[in-house]
> 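One structure, as structure tokens, below. Some questions next.
Reminder, nothing fancy here: chain letters follow the sequence lines and each chain counts from 1. Quick caveat: nothing in here was measured; it's all calculated off a predicted structure.
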Amino acid sequence: MNAVVNAPVFADVPKPAFQPGPAGTHITIRGLTKYFAGWPLYENFDLDIPKHKIVSVFGPNGCGKSTLINMIAGLIPIDSGEILFDGKSLKDTKIGYVFQNYREAMFPWMRTIDNIAYPLKLAGKSKVEVDRRMAELVASFDVKFDLNRYPYEMSGGQQQTASIMRALAPNPEVLFLDEPFSALDFEMTLFIREKLQEVFMQTGTTMLLVSHDLEEAVYLADEVLLLTKRPTKVAEILPYNDPRPRTVETLSQPSFISAKKLSLEIFQREVRR
Amino acid sequence: MNAVVNAPVFADVPKPAFQPGPAGTHITIRGLTKYFAGWPLYENFDLDIPKHKIVSVFGPNGCGKSTLINMIAGLIPIDSGEILFDGKSLKDTKIGYVFQNYREAMFPWMRTIDNIAYPLKLAGKSKVEVDRRMAELVASFDVKFDLNRYPYEMSGGQQQTASIMRALAPNPEVLFLDEPFSALDFEMTLFIREKLQEVFMQTGTTMLLVSHDLEEAVYLADEVLLLTKRPTKVAEILPYNDPRPRTVETLSQPSFISAKKLSLEIFQREVRR
Amino acid sequence: QAGPKIRVGYWPIAAGLPFYAAVELGYFKEAGLNVEPLKFAGAQQVMEGMLSDRADGSANGTGSANIAIGEIAAPGTFKIFCSNPSNAKNVLDEVIVPAGSPAKVMADLKGKRVGSGPGIQNVTLAKTVLERGGATGATVVELPIGQHVAALAAGQLDGCYTLEPTGTIGRMNGTTRVLEAGVIARYVLGDPMAPWFGGSASLTSAFIKKNPAEAKKFIAAYAKGVAYVRTKPDEARQYMKGYTAIEGPLTGEVPLAAYMMYDEFKPADIAHFQKFFDLFSEKGIFSSRLMVETMLYKG
Amino acid sequence: MAATSPAAKPWTPPAAQASAKVPREPAWNKALPFIGPVVLFILWDLAVRTGMIKALLLPPPLDALGALVKGLWGGPLLGDFLMTVWRTLQAFLIAAIVGMPLGVLLGSNEKAYRSVEFLIDFFRSTPSSALIPLFLMIFGVSDVNKVAIAAFGAFLIVVFNSAYGVINARKQRVMAARVMGATRWQVFKDVLIWESLQPSFVGLRSAVSMALVIVIVAEMFIGADSGLGNRIINSQQVMNVRDMYASILAAGALGYALNILFLMLERKIVHWSGR
Amino acid sequence: MAATSPAAKPWTPPAAQASAKVPREPAWNKALPFIGPVVLFILWDLAVRTGMIKALLLPPPLDALGALVKGLWGGPLLGDFLMTVWRTLQAFLIAAIVGMPLGVLLGSNEKAYRSVEFLIDFFRSTPSSALIPLFLMIFGVSDVNKVAIAAFGAFLIVVFNSAYGVINARKQRVMAARVMGATRWQVFKDVLIWESLQPSFVGLRSAVSMALVIVIVAEMFIGADSGLGNRIINSQQVMNVRDMYASILAAGALGYALNILFLMLERKIVHWSGR
Ligand SMILES: Nc1ncnc2c1ncn2[C@@H]1O[C@H](COP(=O)(O)OP(=O)(O)OP(=O)(O)O)[C@@H](O)[C@H]1O
Ligand SMILES: Nc1ncnc2c1ncn2[C@@H]1O[C@H](COP(=O)(O)OP(=O)(O)OP(=O)(O)O)[C@@H](O)[C@H]1O
Ligand SMILES: [Mg+2]
Ligand SMILES: [Mg+2]
């Protein structure tokens, strides 16, 4: 046997030490990597999502917003990296999720009202409690359509409304909203926007909102997370601190307008790059 | 046998005489009636859709916008009434259609580019022609994602972009767009909006656009069709005649602002009624 | 009744008549026996039933060759106490042809297509019969016996080596006629009147050993059934109904088998029986030579 | 849910008038299912009438039908028919009750399915008639045997179809349930079972036919003293073609009836189909 | 489509690095398919070893396997095996080529399907062994017979599954094609066929097993001078249980192999499954 002289030495790249996020971080993402069909979507991606805040995610189509929330929610496996929830495991965290593809997320075998009540039933709530919460939700959303119908008998906007109600029903600790307003009519958009703000002010639910409407995104946000094109990086995290409740007046406030303008500039810079 | 004395007399309600629309009408709808599950959606609904114009349809969720276009396109049977196409039959009219549920309208067994080319193949175009048109479309849409992938490998916005490209590919005479911007990012929305205007100015394609974004709706429209809540009636048809090409400046024109304001007022009046 | 249950497997064909009659006439009950008839869909199944201890005996009509195969696999298991021989007079096996066939003797089937029941046993017998009958070059086509008349009537075959009641059925509906009956006796055993012991009634040795008294009583009662069939054949025919598929006018027409109890066997009979077994050993259906002597119940 | 009602019904539909407008199915649609049998009978009759097939071998359809009706109308066929129905139902019920949940479960865990796939495909591809000796060994010649072998055959089909129903279903709804905190068991019973219902129904219909087929085969090839299979083989042996085809007709019609029953059930249960 | 390439590939992926990161299937996943047969053999061995079933009637699994391997390795089993494979393939191909398009066609027009549903359900529910006389009448005692009866049985299953695949599919894509001006034929070939592919594959897999089963049944009961069925009945008649179970094993393994073949084909063709 020939001894190999001067064999090359292989050394593993040392794993970077875990860097915890700042205090008040709810979700910590470190070294997240995700490939699709051999192309990187995320590579060594770090992010801290603060607790009791609304983060609006803004980025071009296909930059990986839906994939990001799906990975955080544990719905898509990650290739490598870590996603940590403050103190608890993902399993112990009550999550609300409004899917971008809300049509496929409703259960067509249940009436719409049962769809909405479903997370409560999962949580083992009694019939009385469920009924109470449903009455509360229906009243609070001022629903004008027949919730006894099946989802496939509803218009797109009605399905999306129901989907949002379902996500809110169990009073989640974290709420993921993937383009929740995309199919809603003008009034309904305003209305749900206010609802979300109301829920947030009452409960402090951590929210992650994907929206392509910058006005909406900034209006609701404590932080605007701007993402670059693929392979996706954080372009910027803009804080926006106007006091709540924000109202129609907020929209004409200079702080709002400048936040919006800045976001747009960064977005356009990144998209056009 | 007992003769029935004074038997009630049944008389048929005389069918109203057909009232043709004004000159330049492309699609004439008369006495359209559609029920869902025993509830009326449309009852004796009349509408004229003008040729070579863009009509924006604006109405609350569930008022029947999608159902209306579906009925015009012959995809859902109507209970009674007539829908007439100017001169030709529906079958002879080349239609483009962007579905609200664009995900389910793409063919997952074809690569995205083949999906887009599909209507051309249907029209019997040769490989060369198809390739030329595809190159044209791809260049004109400045597509940044890989059209060789399958639709289910695309993000929501990418799928919607492809769906719009498919509808435009065969240079349709009538184009139905059901919330075509709902999943598009900020840049893409502006971009496609301009594309549609460009196509319209070049070809004069009759368009019917459903959008919940009033700015978009008015910006593109020659007429804004405002619908009431269910059972659906025409609340108002607002003409908006600013010259094309409309640009960012148009958005600050008093005529635009007033058209938008008026639309909103009518919409809100109807929704809150 | 305190005695053991005697489970007797039978294959629903006419040859089992003594057993059916004995059950129906209460011969077993009279003898204080508790006999349970078990219907199987084939002789093979009856034998396997006895091997796997699901049956204690078989009625007549159960193929002797099937029993023999079981005996070879598990020597000493089966004791034959009654056999049903057939020949040109007591018809079971026969070659039939379409009613309008020009064939007059077996040799006329030379080079023709001849059907036989499926499986290696039937095929071997058919081939042997055809060959020795001078019908050389005939192709043997396997076909369920129930389809023989149909295949002849439809002109798909030129003849069939088959078993009763097929010949009778074909004769009654006028589509086929018997070319020659008792073919095994003639061509395998060498004499049209020689007894071919095609089927046998048996008990398992295990049962006989465990219940010698009951075994004796059972065989005696069975013998009464045989005697009844021999003396009043026409009266006995009615008991085919319910045990076999034969009913209606056919009941009166099917040929009845002859029967030979264990104590009636003469050396010549045993030799004929042996000749049949030897054919099967020769053709490799039996993996070794089997002596009939050892299988016969000795009383 | 009483509280939701007022909000959910913002206006009362003029129901009477409405239903009058809903277009009715044309009457001749109801006649559609009869086209098949009528065509069959005409072809059959022609085949016999023109002498293409001898009446001795294939009775004229009216004869067979006559024998069927007479036999079922209190005749001896009725008892055999009911026996076969009863055995089929037993076999099918066992197969469905055990097979469907098991299939969904296996389907929800592809690894588990892969590990038993061999057994399922193996036995699906082995004719029950070849397995009869095995079943005879295990269950004897009892009546249980026929039911067991049929239940086994039907079970394999139910498992196969239900499992692939789940494997092939879209995963989005499962994800929705998971994210709402559903346990595996809850995902199973609230989503997977439902999601697979439609292919499961296709499987159930295949299985009910299969159970019937195997029961008849078992009645034919394992000694039986009742049942359509026993009747078929008996009449086959004595060439009573009228009775034989009457029994076959009875078996086929029974299969059709069971299928229609399941089709109606499916229409009722899987109301979201195709939307 | 060359013109699209530059636009479609805005940057080059670092492919080598990428593929290194894609998580690999753990090696033991590959062992999963073997769990089934191993469990079967262990149970079987136990049944024989403990004397629950006499070795006389059921050979120890290793004996049967040995006979199988020896028989296939140039032994006489090979010829019969190949004969059965050949007949099964013929029957299956006929069934698939005729049945799938017909099923999709019937499924796309529910009225048409309703009008033949009786025939399909009728014959699906009639055992092939009961139909043997009919097929004998039509096809004679030739070899064609066995293929024909198996093709017929498999055909029914393919039609049934493909038709219900279409009937149960969502209608949105058909609407999309219609609105783009597709003719009925184009909708059929560009949408319906594809939309029904997945349930059709389930049907094809059921059908290939069914074809195999019927071929073997026909070889057993119609009689043949070759094929696994013939081998099974012959070894059964001479109580050569080793050979008999070797043949049954060969049949089952063949069924499994054909199923896996179709599964792989399906994975390749129906790539959008579940998304
Ligand atoms: N299964 C898959 N196979 C290959 N590529 C995929 C797959 N799923 C997603 N991708 C790709 O990953 C990228 C991110 O997709 P994602 O849906 O997360 O985008 P997004 O930011 O939500 O976009 P949008 O705003 O349009 O919804 C897209 O470019 C898409 O093409
Ligand atoms: N299959 C059905 N059965 C019963 N009701 C239905 C069915 N399809 C639609 N509807 C009802 O018809 C109404 C109109 O639906 P449609 O989808 O046309 O609304 P839309 O105006 O497009 O709404 P959106 O803006 O939310 O998309 C809705 O109220 C819906 O509930
Ligand atoms: Mg997205
Ligand atoms: Mg809509």
> So which pairs with a foot in residues 236-259 of chain D pass salt bridge (Lys or Arg N to Asp or Glu O under 4.0 Å), sequence neighbours left out?
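For residues 236-259 of chain D: D:R231-D:D243.
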> Hey, are the side chains of D:F118 and E:I35 touching, using non-hydrogen atoms and a 4.5 Å cut-off?
no
> Chain E heavy atoms under 4.5 Å from D:Q172: which part of the residue, side chain, backbone, both or neither?
neither
> Take E:F122 and D:Y256, measure what ring-ring contact (aromatic ring centres under 6.0 Å, His included) needs, and give me the verdict at the end.
CA-CA 5 Å; E:F122 181 96; D:Y256 174 67; 8.7 Å; no
> Side chain, backbone, both or neither: which part of E:F34 has a non-hydrogen atom closer than 4.5 Å to chain D?
neither
> Using heavy-atom distances under 4.5 Å, tell me whether E:A130 contacts chain D through its side chain, its backbone, both, or neither.
both
> Which atoms of E:E110 come close to chain D, meaning under 4.5 Å heavy atom to heavy atom: side chain ones, backbone ones, both, or neither?
side chain
> Mind checking the CD1-OG spacing from D:I157 to E:S209? Nearest 0.5 Å is all I need.
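Nearest 0.5 Å value for the CD1-OG distance: 9.0 Å.
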> The criterion is ring-ring contact (aromatic ring centres under 6.0 Å, His included); which residues satisfy it with E:F123, sequence neighbours excluded?
E:F152
> How would you list all residue pairs meeting salt bridge (Lys or Arg N to Asp or Glu O under 4.0 Å) that involve residues 117-129 of chain E, not counting sequence neighbours?
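Checked against salt bridge (Lys or Arg N to Asp or Glu O under 4.0 Å) - neighbours excluded - the pairs reaching residues 117-129 of chain E are D:R205-E:E117, D:R205-E:D121, E:R114-E:E117, E:D121-E:R124.
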> Could you pull out the closest heavy-atom pair between E:S273 and D:N168, with the gap in Å?
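Heavy atoms of E:S273 and D:N168 come nearest at OG-OD1, 4.0 Å.
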> Heavy-atom distances under 4.5 Å only: say whether E:I248 touches chain D with side chain, backbone, both or neither.
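Both parts, backbone and side chain.
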> Of the backbone (N, CA, C, O) and the side chain (C-beta and beyond), which part of E:I214 lies under 4.5 Å from a heavy atom of chain D, both, or neither?
neither
> Can you say whether E:L258 sits under 4.5 Å from chain D via the side chain, the backbone, both, or neither, judging by heavy atoms?
neither
> Check each atom of E:T88 against the heavy atoms of chain D and say whether the ones under 4.5 Å are side chain, backbone, both or neither.
neither
> Heavy-atom cut-off 4.5 Å, strictly under: side chain, backbone, both or neither for E:P199 against chain D?
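When you check distances to chain D, no heavy atom of E:P199 falls under 4.5 Å.
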> Go through D:S247, D:P127, D:G255 and name the one with the most non-hydrogen pairs under 4.5 angstrom from chain E.
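When all of D:S247, D:P127, D:G255 are compared, D:P127 has the most.
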> Heavy atoms under 4.5 Å from chain E: which residues of residues 38-48 of chain D carry them?
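Checking residues 38-48 of chain D against chain E gives D:L40.
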